[in-house]
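Everything below concerns the one structure shown next.
Chain A is the first sequence line, chain B the second, and so forth, proteins listed ahead of strands; every chain is numbered from 1. As the structure is a computational prediction, the values presented were derived from the model and not from experiment.
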4 protein chains.
Amino acid sequence: MAGYMNRATLIGNLGQDPEIRNMQSGERVASFTLATTESWKDKRSGDRQERTEWHRVVVWNEGLIGVLEDYVHKGDKVMVEGMLKTRKWVDQAGNERYTTEIVLSGFNGQLIMLGSPNGAARGEGEPASRTRTGTQTQTQTRTQAAAPSDGGYTPSGGDLDDEIPFGPCVD
Amino acid sequence: MAGYMNRATLIGNLGQDPEIRNMQSGERVASFTLATTESWKDKRSGDRQERTEWHRVVVWNEGLIGVLEDYVHKGDKVMVEGMLKTRKWVDQAGNERYTTEIVLSGFNGQLIMLGSPNGAARGEGEPASRTRTGTQTQTQTRTQAAAPSDGGYTPSGGDLDDEIPFGPCVD
Amino acid sequence: MAGYMNRATLIGNLGQDPEIRNMQSGERVASFTLATTESWKDKRSGDRQERTEWHRVVVWNEGLIGVLEDYVHKGDKVMVEGMLKTRKWVDQAGNERYTTEIVLSGFNGQLIMLGSPNGAARGEGEPASRTRTGTQTQTQTRTQAAAPSDGGYTPSGGDLDDEIPFGPCVD
Amino acid sequence: MAGYMNRATLIGNLGQDPEIRNMQSGERVASFTLATTESWKDKRSGDRQERTEWHRVVVWNEGLIGVLEDYVHKGDKVMVEGMLKTRKWVDQAGNERYTTEIVLSGFNGQLIMLGSPNGAARGEGEPASRTRTGTQTQTQTRTQAAAPSDGGYTPSGGDLDDEIPFGPCVD
DNA sequence: TTTT
DNA sequence: TTTT
């Protein structure tokens, strides 16, 4: 009971497999981008237009991370609900930058699986092997290489205060 | 009916009076920052902690702009609901930057006044004069001067494609 | 901008095909029941428990009715958002009764299709024939017969004020 | 993570002081009615119309009950969020009846105080005395007397399975 | 009456 | 980078 509400609710598709990182604190964090597409009819041309918005989702809730790890993949549709947080970081040129994320943590976060694009893996499937280290590593490598494509975001990395998703793995 | 949802719902207090700008297209845009404060008990010390998150809210709905203009001020508590949009802009050093805003437009936006800090102007009051140019200008000046406090955000301003709130007025 | 909010948001499965009725006013109404299931671990036994809640959804928005008619069927998962309204009616014994529904109308309603249980008909399929009178009639007949099963609800039927879904068709 | 969502979000005013009851299990329950008012312009006459919807809110979360007890009164504006549950009961004539409530329990419930009508007691005030037994009793009596006004609801009361709010106190 |  |  705080007198405030800070909530984002999204239904969209994952742009890539969730990336899971181990923090120095022993916690894990999962992160992924989520696409929401709005479409409308252009007033003049009457053409159908569409625009995709990309959101960064960060999950600190260990229960949800387990679900993401086992059942959620690139392209899947999910509903997520969390808090909006804007994080400050410093880019390689030393400029302060800000990134806004939807953060799911504790009881503030919710995630509902809404199906795979191909109808498979609707959550009823067997969990993916927990020993998919190769995939994990590959994902992280690719993500680092692709960093500029997700908004020029390159976290400074390093000390504990800096334990942020979407960046280099600290373990 | 699109299969997607993109929604942020906030209850918080305005960081400053809404700033209203005239676009070259003839439309108006209102913008303000909104503070949501979360508080919790620190596990170790047991101390009450709190953290304020600042959100940028942008309103394109003319009906809501009229309400903001007449009844909503710095410090007031409101509920807003809109879409998350991340906007790209170029700072003075030529760097690409990204800012995420809560955008209220058309039927995607909602605003509910929840009272002033001092109990006055709970919406029943008479509208503020529509000719408060002085205040407006002052607000904008202050906002620009205070830019660093709201995230170091300094939009590039200029051409039509650049019609962004929180920046210099184009009229 | 009203100072009030009245909203229900549900993600669940349809208990039956949407039932569409023609009102005397020329409007159409669609209605269906939606199941949401919560599950939890029993504190004592440790057993997994579950409980299903049934909701009545009523749709007055002609655009959404078209979508329901063409693409949404029994068992499908949908997200709906609308207003809570409690409607008074008189049962056959002359007792006043009250039924609470989630009402989607105008811009207050939202419906997102989230897939069929079998992976088919994910909205990409061709629309069902608009001339499925047989099915429609059958549905309505079945629904009337089954009235007691949905809560003993039997609307009084008749005059214009009484144009309510889940009851006998007036056309 | 269940694949379902069942949520009602309301911003409205309390129809009476919250009523708090002690269950045989030792738990407490708080309940109150909440009014949400929608207003619109009539298409024909152009007159401003309004309609008030009354909702029953039931709170099982002890933390929120403490807040309600100390700070929330008749007429206050609050935001509540909870699950929709339809409860079956038997009226004095032996008829089965159904009542839909917004239930706040555990982490599924949220309550935000949004101010008193008179600007007082905005949460900053000192808590009401915890020994206001008189008021409590009075409230309950009034509520029972006023039963018809809140929908003719008269719960059967009695055994443990029947521990329902808005009814006679069992202690 | 649905679904997992 | 997703999906329809």
- Does one side chain, of C:Ser31 or C:Glu19, offer a donor that lies under 3.5 Å from an acceptor on the other?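 C:Glu19 and C:Ser31 do not have a side-chain donor-acceptor pair below 3.5 Å.
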- State whether a side-chain donor-acceptor pair under 3.5 Å links A:Asn13 with B:Tyr4. yes
- Scan C:Thr52 against the nucleic acid and name what it touches under 4.0 Å (heavy atoms): base, sugar-phosphate only, or nothing. base
- Under the salt bridge (charged side-chain N to carboxylate O under 4.0 Å, His left out) test, which residues partner A:Glu53, sequence neighbours left out?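 A:Glu53 satisfies salt bridge (charged side-chain N to carboxylate O under 4.0 Å, His left out) with A:Arg51 once adjacent residues are dropped.
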- Query: Do A:Thr37 side-chain and F:dT4 base share a donor-acceptor contact under 3.5 Å?
  - Reply: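 No, no donor-acceptor pair under 3.5 Å.
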- Message: Base of F:dT4, side chain of B:Tyr4 - is there a donor-acceptor contact under 3.5 Å?
- Response: no
Expressed in angstrom and rounded to an integer, what is the separation of [X] atom [atom1] from [N] atom [atom2]?
| X | N | atom1 | atom2 | value |
| --- | --- | --- | --- | --- |
| C:Arg48 | E:dT3 | CZ | P | 20 Å |
| A:Asp17 | F:dT1 | CG | C1' | 11 Å |
| B:Asn6 | F:dT3 | CG | P | 18 Å |
| C:Leu114 | F:dT4 | CG | C1' | 13 Å |
| A:Trp54 | F:dT2 | CH2 | P | 6 Å |
| D:Met5 | E:dT2 | CE | P | 24 Å |
| C:Glu53 | E:dT2 | CD | P | 16 Å |
| C:Arg51 | E:dT3 | CZ | C1' | 16 Å |

- Task: List in chain and number order the residues that pass side-chain contact (heavy atoms from CB on, under 4.5 Å) with B:Ser105, two or more places apart in sequence or in another chain; answer none if no residue qualifies.
- Result: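 Scan of B:Ser105 (side-chain contact (heavy atoms from CB on, under 4.5 Å), adjacent residues dropped) gives B:Trp60, B:Val103.
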